[in-house]
Protein chains: 2
Amino acid sequence: MSVDAETALAHAPPGHKDELRLWLRLLTCTTLIEGEIRSRLRRDFDTTLPRFDLLAALDRAPEGLSLGEVSRRMMVSNGNVTGLATRLEAEGLIERRARPGDRRAQLLRLTAKGRREFARQSAAHEGWIAELLAGVTPVERGALFRLLGHTKISVRNALPPEPSA
Amino acid sequence: MSVDAETALAHAPPGHKDELRLWLRLLTCTTLIEGEIRSRLRRDFDTTLPRFDLLAALDRAPEGLSLGEVSRRMMVSNGNVTGLATRLEAEGLIERRARPGDRRAQLLRLTAKGRREFARQSAAHEGWIAELLAGVTPVERGALFRLLGHTKISVRNALPPEPSA
DNA sequence: CCTCATTCCTTGAAGCCTAAACTATTCCAG
DNA sequence: CTGGAATAGTTTAGGCTTCAAGGAATGAGG
């Protein structure tokens, strides 16, 4: 196809290598932190990140959430939430409750045990994150937070629009 | 100092809320981008991100990589790589080759078909990332890259030391 | 009333992922 | 040489995840 190796190299990437390197670094940071959090959740609480995330979502919504709402907040598929909720219900951490006036929907709520358990996990989790980010100064954290805000907007704008929201 | 709402807010959590918010935003950005990339890889190439990542690792190592090396570079378990390699080998994109002098190890290499296929996917992938990050200015990208470098170091320092490296 | 689109959830198939147990091979110290 | 530690990969059980197909209930028009 191409004339020689140099030509191929020169025109293949129109200069998008910077964005790629940024993305790879972003991914590495997230993967490192996430992996450590998963590992500690397993070690200290014998649980998983998705379970923790689901409990966290319910903890922020004392009135309860439908499976669909949980699915949107966690950014995972609805079928995924079904299985997750089934396991957490079996462990007695959450409960399914029919929503009055709509027999399709159900509300998920933390049980008392679930609230207790999440409080323990949540406190540890917060400490872990602080520990992992301890080497980043408050000023840097502020700058990162702001820049990641821009990044989020950039990505959202490039994404296909959601059905409703 | 004093006993008012401000004080209460200030001491209840030892001040780790900032780190937590930063982490959640970092996670959101990564999840958004990653989800879109997964979706496009499926739509345009009928493949997945782990497959793409494995091909990328092999593309950067023309001499081939052992399963263990791939496992370390992708930061996934070794058992995971076994299955991934099996599927990619079945599709004819990579090949297993015995390593001379060590009957335990094998080298994974891209086949000609694998190289062709990865080149197509890689070009598209690079464009997607550039598209998603188009709303972040070059200056901001530079700052982000640097700050994420600090973050990576901070996390690595807080992590349990690896066996070897 | 119907009917049809929509919403909420579940199921099933397939793939990704980990930890832990296991096999085979290599390396090393005695 | 030989026994045991270390290394390379595989396997297994269980959980996470998606997509696609489908069942049940709701709601809006005719």
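Just so we're on the same page: letters track the sequence lines, and every chain starts at 1. Treat the numbers as computed from the prediction; the structure is a model and nothing was measured.
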query = Ignoring hydrogens and geometry, is there a side-chain-to-backbone donor-acceptor pair from A:Thr30 to A:Leu26 under 3.5 Å?
reply = yes
task = Let me know the distance between CG of A:Leu65 and P of C:dC9, rounded to the nearest Å.
result = 11 Å
inquiry  = If the condition is side-chain hydrogen bond (donor to acceptor under 3.5 Å, both in side chains), which residues does B:Gln121 pass it with, not counting sequence neighbours?
reply    = B:Glu117
query = Can you tell me how far P of D:dA8 sits from CG of B:Leu107, to the nearest Å?
reply = 12 Å
note = Those residues at least two apart in sequence (or on a different chain) that pass side-chain contact (heavy atoms from CB on, under 4.5 Å) with B:Ala112 are B:Arg115, B:Arg116
query = Tell me: CD of A:Gln106 to C1' of C:dC8, nearest whole Å?
reply = 9 Å
request  = Compare every heavy atom of B:Leu132 with every heavy atom of A:Ala158, then report the nearest pair and how far apart it is.
outcome  = CB-CD2, 3.7 Å
Atom-to-atom span, CD of A:Glu89 to C1' of C:dT10 - whole angstrom = 14 Å
request  = Take nucleotides 12-25 of chain D nucleotide by nucleotide from the 5' end and write B, S or -, depending on whether a protein heavy atom sits under 4.0 Å from the base, only from the sugar-phosphate, or from neither.
outcome  = ---SSSBS-----B
query = Do any N or O atoms from the side chain of B:Ser154 and from the backbone of B:His150 form a donor-acceptor pair under 3.5 angstrom?
reply = no
inquiry  = What is the distance, to the nearest angstrom, from the CD atom on A:Glu69 to the C1' atom on C:dC8?
reply    = 11 Å
note = Whole-Å distance, B:Leu41 CG to C:dG15 P, equals 16 Å
ask   = So what does B:Arg99 touch, heavy atoms closer than 4.0 Å: a base, only the sugar-phosphate, or nothing?
value = nothing
query = How many Å lie between CG on B:Leu67 and P on C:dT25, as a whole number?
reply = 16 Å
ask   = For the side chain of A:Thr111 and the backbone of A:Gly92, is there at least one donor-acceptor N/O pair under 3.5 Å apart?
value = yes
